[in-house]
Each structure stands twice: as structure tokens, then as C-alpha cells.
Amino acid sequence: NKRGTIAEAFASADVVAAFASEKAADIAANKPKVVDNFLPGWGDWAGEGVSMSSKAKRRRRRFVSHQKPGKKGEQRADQKLAKVIISKKRNKHIEKHQPQSVPFPFQSKEQYQSSMRMPIGREWHTEQSFRDVCQPKVLTHMGELIQPIKAPKKLK
């Protein structure tokens, strides 16, 4: 029953093959690469029919670099998991919106995370409790004058 429902939902798209190709592309992108920065003709004769001298071959080896993606012997975290892609890349755009420390009313990280997990909305709470949670601390009615805050005498 579940398999039939899933097959019906993804009937037009081959999601499994697309995921497998995406994971294979990610693995290929993170493999070590050989980059050749050698420019022919710099410091030696170049052109068709000119063989490279042993000195030029040694010089060429200096310009070839082997880029390694991670530490020596490091394996992918999702290497043995066929249906999972674990990315260790950090998103700089998301970092701007993440808190650096625990906000004021909370004492610990666990308290803050549990409050963030609890949804606030009409779908999860009764109408009255939703209004109580979302009600502002200061209420003003339309047309009511709001007096400005006066500084204490010590600051004047």
C-alpha cells in the first residue's frame, strides 16, 4: 500500500536515478584533482616538432599540483549509506541568521531549541491560547495619544 502510494506520487519522475546521479556527481566533485599550470614556451623552445628536454620535463613537474579535498585518510560520512548525502559545507548566508549565543529568557541551549521546536499557530493551538501567545505586551487603541518617555533628572 505504501509502495503503491509512493510510486503513484513519483510516477512521472525517476527520483531514485536522479538521486543516485546527484550523489555520484558530488563524489566526483570532491575527488582529488590534478591541475597542470605549466605554460609551454616560458623559458624554453616551444612549437611543433620540438621535443622537451629533461630540464623542461623537470620544470613542468613543478607546475603540476595535486589538490586534495580533505585530510589524509578521511572518508565520506555517507560512504556506506546508499540513500543519504551528508554535506559538510557551511552556508554563509544561513550563518547570518543563526544566533551566536542563547537569547535572553533562556538559560541553556536545550531550552532554546525546545521552544523553537514548539510551533505557534492556529493549526496547533486553540484560538484563545494562540491569541494569548501572540498578544503584544502594550496595547494602544486607535486615536489614543502616546506620551513620550522622559529622561530621569540625573541624565539631564
Side-chain angles (χ1 to χ4, degrees), residues 1-40 42 58-156:
N1 191 13
K2 278 187 178 180
R3 288 186 186 268
T5 306
I6 292 172
E8 185 179 334
F10 298 107
S12 63
D14 190 9
V15 180
V16 177
F19 180 81
S21 65
E22 183 180 335
K23 184 167 182 171
D26 188 41
I27 290 171
N30 291 331
K31 280 190 176 177
K33 297 176 182 81
V34 176
V35 178
D36 187 7
N37 294 323
F38 182 75
L39 298 173
W42 288 89
R58 277 183 287 167
R59 190 179 312 127
R60 183 181 188 122
R61 273 188 250 135
R62 284 188 297 173
F63 291 101
V64 175
S65 62
H66 300 275
Q67 295 178 347
K68 296 180 182 175
K71 297 176 184 172
K72 187 176 181 183
E74 185 179 342
Q75 294 181 347
R76 291 179 58 94
D78 61 352
Q79 186 174 12
K80 295 180 182 177
L81 306 170
K83 299 178 181 178
V84 178
I85 295 176
I86 298 174
S87 176
K88 293 184 179 180
K89 295 177 185 173
R90 296 186 69 138
N91 192 335
K92 293 178 184 177
H93 303 290
I94 292 175
E95 279 184 7
K96 288 188 257 180
H97 303 291
Q98 289 181 332
Q100 300 300 318
S101 62
V102 180
F104 164 66
F106 305 104
Q107 300 296 323
S108 67
K109 178 180 167 184
E110 290 77 22
Q111 284 179 345
Y112 178 63
Q113 287 177 342
S114 67
S115 72
M116 294 305 290
R117 272 189 238 114
M118 183 175 58
I120 298 173
R122 290 184 172 99
E123 296 85 13
W124 298 281
H125 299 287
T126 62
E127 188 65 31
Q128 184 62 39
S129 63
F130 172 73
R131 274 195 235 125
D132 291 343
V133 169
C134 295
Q135 185 177 23
K137 292 182 179 166
V138 178
L139 281 175
T140 57
H141 298 288
M142 193 180 336
E144 189 176 326
L145 293 175
I146 301 172
Q147 297 298 325
I149 298 173
K150 294 182 179 178
K153 291 182 180 181
K154 289 181 182 178
L155 294 177
K156 288 182 181 179

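Source: prediction; values computed, not measured. Atoms considered below: every heavy atom in the structure, side chains included; atoms not considered: hydrogens, waters and symmetry mates.
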Determine whether a donor-acceptor pair (N or O, by modelled atom type, separation under 3.5 Å) exists between the side chain of [X] and the backbone of [Y].
| X | Y | result |
| --- | --- | --- |
| Lys88 | Ala77 | no |
| Lys23 | Val84 | yes |
| Gln111 | Gln107 | yes |

Taking only residues two or more places apart in sequence or in another chain, which ones pass salt bridge (Lys or Arg N to Asp or Glu O under 4.0 Å) with Arg90?
-> Glu95
Sequence neighbours excluded, the answer for salt bridge (Lys or Arg N to Asp or Glu O under 4.0 Å) partners of Asp14 is none
State which residues pass side chain to side chain contact (heavy atoms under 4.5 Å, CB included) with Asn1; sequence neighbours excluded, sorted by chain then number.
-> Thr5
To the nearest 0.5 Å, what is the distance between [atom1] ([X]) and [atom2] ([Y])?
| X | Y | atom1 | atom2 | result |
| --- | --- | --- | --- | --- |
| Ser87 | Lys89 | OG | NZ | 5.5 Å |
| Asp132 | Glu127 | CG | CD | 10.5 Å |
| Asp78 | Lys83 | CG | NZ | 14.5 Å |
| Asp26 | Arg76 | CG | CZ | 4.5 Å |
| Arg122 | Ser129 | CZ | OG | 11.0 Å |

Contacts of Phe106 that satisfy ring-ring contact (aromatic ring centres under 6.0 Å, His included) - sequence neighbours left out = Tyr112
In short, ring pair (Phe, Tyr, Trp, His ring centres under 6.0 Å) pairs touching residues 116-135 with sequence neighbours left out are none
May I have all residue pairs that pass ring pair (Phe, Tyr, Trp, His ring centres under 6.0 Å) and include part of residues 76-105, sequence neighbours excluded?
-> none
Residue Leu139 excluded, over 12 heavy atoms near CG under 6.0 Å | yes
